[in-house]
Novice: 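Quick one: structure below, then a few questions.
Letters A, B, ... mirror the listed sequences (proteins, then strands); counts begin at 1.
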2 protein chains.
Amino acid sequence: MELRHLRYFQAVAEELSFSRAARRLRIAQPALSRAVQEMERELGAQLIERERRSPRLTPAGAVLLHETGLILERLDDALRRVRRTAKGEEGELRLGYIGPPTRMFLSRLLKEYGKRYPRVTVILEERTPERVWEMVSKGRLSIGLTRPVLAHEVLGLQTLLLREEKFCAAVPKDHPWARLTSLPWKKLAGEPLIILARREGAGSHDAIQSGCQTAGFAPRVKHTPSLIGTILQYVEAGTGIGIVPESTTSKHLALIPLKPQQTIPLVMVWAKEGDDPAVLAFRDLVKEWLKAGELWG
Amino acid sequence: MELRHLRYFQAVAEELSFSRAARRLRIAQPALSRAVQEMERELGAQLIERERRSPRLTPAGAVLLHETGLILERLDDALRRVRRTAKGEEGELRLGYIGPPTRMFLSRLLKEYGKRYPRVTVILEERTPERVWEMVSKGRLSIGLTRPVLAHEVLGLQTLLLREEKFCAAVPKDHPWARLTSLPWKKLAGEPLIILARREGAGSHDAIQSGCQTAGFAPRVKHTPSLIGTILQYVEAGTGIGIVPESTTSKHLALIPLKPQQTIPLVMVWAKEGDDPAVLAFRDLVKEWLKAGELWG
DNA sequence: AGCCATTATACCGAACCGGCATCAAAGCCA
DNA sequence: TGGCTTTGATGCCGGTTCGGTATAATGGCT
């Protein structure tokens with residue numbers, strides 16, 4: 001199946017006539033007949049009924065016509081955007097991020113960015129920390145907001161530290177610990193813990209493990225859901241104690257910083273050789289806000 | 001530009017290597033180089049930087065990769081749907097309609113239809129009455145809900161009368177006429193009238209003209225907006241008297257039927273030779289509701 | 001510096017695409 | 001009803017193009 005087939009089919013389906021469509025496409029009619037036949041063979045479906053004088057669309061043909069229109073239109077639009085991007089007339093910023101720790105500033109940041117650079121289309125992709133790294137290094141994302149991962153200086157990637165976050169214990173508001181201003185790790189020994197699944201953030205998971213080890217005990221992990229929100233649900237249900245970064249927010253729970261401080265960084269990451277002005281501008285905006293302390297309010 | 005180019009580019013951009021991509025595509029590497037070069041020439045834009053050992057995407061290339069993924073995915077999906085439609089495993093109902101007079105029943109009707117035939121995808125297209133006819137006759141729509149137009153039996157189209165609507169004068173609730181239960185056309189002589197633009201519904205427009213002519217005067221038309229809603233706005237602002245079909249609803253206005261009755265039909269229209277089960281089912285549902293009086297509540 | 005891997009170029013054969021000529025079928029008209 | 005016209009399908013041919021092999025050029029790595 002090639003675009004040629006789609007374009008030819010579209011012409012025939014719109015004109016409801018092979019010969020008229022052929023004239024419109026400036027090719028001979030037999031070529032059209034053959035192209036449509038090829039499509040029908042490949043799809044194993046009749047697209048056009050030709051019994052009568054003027055052909056009619058089958059239901060399948062009607063579906064295809066509709067989709068074809070959208071696809072060709074979309075392609076046209078895409079190629080136009082590519083050309084304009086190459087000329088620097090517009091840009092695209094593909095931003096990958098991890099949800100919870102960016103919630104505090106991301107929407108504000110994007111609003112400001114959109115105001116300053118209205119011709120840049122922003123594409124958001126929420127992924128796991130590792131996936132963000134991988135996609136940035138492959139050029140699928142232009143910028144990532146994520147956790148550091150094990151071996152990352154390897155590839156031509158650069159990073160900027162946005163914040164060091166402390167870990168907190170999350171407990172119900174009526175829990176005996178709820179009023180504490182800090183909590184030693186060793187108090188968690190034996191408690192049922194709820195922490196993020198390792199595949200959703202190896203850094204976070206491992207930092208917690210190491211916090212416990214330093215305090216001299218092995219954590220009793222009860223659940224490892226994939227979303228921070230799910231951790232909070234478990235805690236609210238009284239299933240155990242959640243361990244979350246301090247940027248987490250919750251109405252019904254108390255967050256108590258753990259001591260000694262075990263932190264996990266939030267970083268911005270990008271490809272070293274990026275000369276995309278849209279990306280440069282975003283990096284600069286983040287640096288500006290970081291200096292002014294506006295990122296964290 | 002052909003799909004081949006898009007597929008090839010996608011492979012290269014994903015692998016970030018011509019030779020690896022070539023292996024994945026089971027073609028030789030030079031063919032790939034050529035195909036990408038062709039694209040770059042056609043677009044007048046560099047997509048991939050090849051200076052270093054491993055190629056990198058330019059901003060334009062990144063935009064194209066993103067769009068390519070969506071387009072190819074969409075195409076895949078479309079072909080799958082076409083195949084399934086041909087086998088009768090799923091269906092598509094492309095329904096064209098005019099907004100205001102269908103508002104009373106359309107959402108209820110579609111809900112019921114969706115419940116009875118969950119495998120049918122419904123595609124809605126709101127258009128002008130003429131456009132609905134045209135699209136049905138060309139097979140772009142499977143069913144139309146619209147006004148009759150001048151010469152329509154010509155094509156192989158069939159119709160079903162859903163309703164004869166009277167015309168009403170729309171006035172503010174505090175207007176002297178607001179309490180009347182009917183209003184003779186001739187009272188409108190000299191009044192500033194607000195009626196729908198002719199291109200949005202020649203039938204409606206002409207029926208109003210003929211109502212005035214029969215009453216022996218030429219209407220003083222003040223505005224002809226393209227939307228019924230706009231007519232209501234004008235009337236609320238005290239700009240004049242609106243003429244609308246009785247199916248119009250408004251909180252702030254009074255609608256007074258005009259006498260002698262000048263009516264405009266609402267019809268369902270479809271292609272005579274339609275054997276699409278999804279369309280058949282819809283027609284039957286409408287007939288059923290029409291008989292039971294459920295269409296108009 | 002030399003080797004290896006990767007991409008670009010040159011050339012060639014084969015496949016494919018489109019054009020022409022022709023055929024079969026269906027409407028249109030007298 | 002029978003010829004005329006129009007439309008889509010089929011067969012065949014020539015030219016373009018697509019992909020493969022061989023090879024050159026380039027850059028990274030040891």
Side-chain angles (χ1 to χ4, degrees), chain A residues 1-43 45-58 61 64-65 137-139 153-157 271-273, chain B residues 1-43 45-58 61 65 137-139 153-156 271-273:
Chain A
M1 177 74 55
E2 283 297 333
L3 282 179
R4 185 176 60 93
H5 294 104
L6 295 182
R7 288 193 254 258
Y8 286 8
F9 169 77
Q10 188 187 39
V12 174
E14 280 177 5
E15 299 285 345
L16 289 180
S17 154
F18 283 79
S19 26
R20 242 185 331 216
R23 260 170 275 148
R24 177 171 130 190
L25 294 167
R26 300 169 186 283
I27 62 171
Q29 164 264 316
L32 256 187
S33 289
R34 300 202 358 152
V36 174
Q37 280 169 12
E38 278 169 28
M39 287 185 84
E40 291 183 323
R41 248 189 311 110
E42 181 171 345
L43 285 168
Q46 189 172 12
L47 300 173
I48 293 178
E49 283 181 42
R50 309 150 165 93
E51 293 141 19
R52 307 289 187 103
R53 173 58 150 258
S54 84
R56 290 183 303 114
L57 289 173
T58 62
L64 184 59
L65 174 59
S137 79
K138 289 200 172 168
E153 302 88 356
V154 192
L155 309 153
L157 299 185
K272 203 171 282 173
E273 303 93 342
Chain B
M1 177 75 52
E2 281 299 332
L3 283 180
R4 184 176 61 92
H5 294 105
L6 294 182
R7 288 193 256 258
Y8 286 7
F9 169 78
Q10 187 186 40
V12 174
E14 280 177 6
E15 300 284 346
L16 286 179
S17 155
F18 283 79
S19 26
R20 249 197 319 253
R23 260 170 274 149
R24 177 172 130 190
L25 294 167
R26 299 169 185 284
I27 62 171
Q29 164 264 317
L32 257 187
S33 290
R34 296 200 0 147
V36 174
Q37 280 168 15
E38 278 169 29
M39 286 185 84
E40 292 182 322
R41 248 189 312 109
E42 181 171 345
L43 286 168
Q46 190 172 13
L47 299 172
I48 293 178
E49 284 180 40
R50 309 151 165 90
E51 293 141 20
R52 306 293 186 99
R53 171 59 150 262
S54 85
R56 292 183 302 113
L57 288 174
T58 63
L65 174 59
S137 80
K138 288 199 173 171
E153 303 89 354
V154 191
L155 310 152
K272 204 170 277 173
E273 303 92 343

Novice: Compare side-chain N and O positions of A:R50 against OP1 and OP2 of D:dT7 and report whether any pair is under 4.0 Å apart.
Specialist: no

Novice: Give the rounded distance in Å between these two atoms: CD1 of B:I27 and C1' of D:dT17.
Specialist: 14 Å

Novice: With respect to the side chain of A:S17, which nucleotide from C:dT7, C:dG19, D:dG8 is positioned closest?
Specialist: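 From the listed options, D:dG8 comes nearest.
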
Novice: How many whole angstroms separate atom CZ of B:R56 from atom C1' of C:dT7?
Specialist: 16 Å

Novice: Any idea which of D:dG20, C:dG19, C:dT7 is nearest the A:A28 side chain?
Specialist: C:dG19

Novice: Which is it for B:R50 and B:V36 under the side chain to side chain contact (heavy atoms under 4.5 Å, CB included) test, yes or no, and what are the steps along the way?
Specialist: CA-CA 12 Å; B:R50 309 151 165 90; B:V36 174; 3.3 Å; yes

Novice: Taking 4.0 Å as the cut-off, does a side-chain nitrogen or oxygen of A:S33 come that near to OP1 or OP2 on D:dA9?
Specialist: yes

Novice: Rounded to the nearest Å, what distance is computed from the CD atom of residue A:E2 to the P atom of nucleotide C:dA15?
Specialist: 18 Å

Novice: Would A:L57 and A:I48 count as a side chain to side chain contact (heavy atoms under 4.5 Å, CB included) if you check the C-alpha gap in whole Å, the side-chain angles of each, and the deciding distance to 0.1 Å?
Specialist: CA-CA 5 Å; A:L57 289 173; A:I48 293 178; 4.2 Å; yes

Novice: Answer yes if the side chains of B:Q37 and B:S33 hold a donor-acceptor pair under 3.5 Å, and no otherwise.
Specialist: no

Novice: Salt-bridge test for B:E15 and B:R23: reply yes if a basic N is under 4.0 Å from a carboxylate O, no otherwise.
Specialist: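 The answer is no: the pair does not qualify as a salt bridge.
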
Novice: Measure from CZ on A:R4 to P on D:dT17 and round the result to the nearest Å.
Specialist: 13 Å

Novice: Rounded to whole Å, please give me the gap between CG in A:L32 and C1' in C:dG19.
Specialist: 13 Å

Novice: From CZ of A:R34 over to P of D:dT10, roughly how many Å is that when rounded to an integer?
Specialist: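 The answer, rounded to whole Å, is 10 Å.
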
Novice: If you find the nucleotide of DNA chain D closest to B:R26 and the one closest to A:F18, which residue's nucleotide is nearer the 5' end?
Specialist: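 It is A:F18, whose closest nucleotide lies nearer the 5' terminus.
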
Novice: Indicate, with a heavy-atom threshold strictly under 4.0 Å, whether A:P30 touches base, sugar-phosphate, or nothing.
Specialist: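 Answer is base: heavy atoms of A:P30 come under 4.0 Å of a base.
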
Novice: Any side-chain N or O of A:S19 under 4.0 Å from OP1/OP2 of D:dG8?
Specialist: yes

Novice: Separation of B:E49 atom CD from C:dA8 atom P, in whole Å?
Specialist: 13 Å

Novice: Mind checking B:E38 for me? I need base, sugar-phosphate or nothing, with any heavy atom below 4.0 Å counting as a touch.
Specialist: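 Answer is sugar-phosphate: B:E38 comes under 4.0 Å of backbone atoms only.
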
Novice: Verify the contact: side-chain N or O of A:Y8 to OP1 or OP2 of C:dC17, cut-off strictly under 4.0 Å; return yes or no.
Specialist: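 For C:dC17, neither OP1 nor OP2 has a side-chain N or O of A:Y8 closer than 4.0 Å.
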
Novice: Before accepting this row, confirm whether a basic side-chain N of the pair B:R7/A:E2 lies closer than 4.0 Å to the acidic partner's carboxylate O.
Specialist: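 Salt bridge present between B:R7 and A:E2.
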
Novice: Mind checking if B:Q37 touches a base, just sugar-phosphate, or nothing, with heavy atoms under 4.0 Å?
Specialist: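 Sugar-phosphate: the residue B:Q37, judged by heavy atoms under 4.0 Å, touches backbone atoms but no base.
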
Novice: Can you tell me how far P of D:dT7 sits from CZ of A:R23, to the nearest Å?
Specialist: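 Answer to the nearest Å: 6 Å.
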
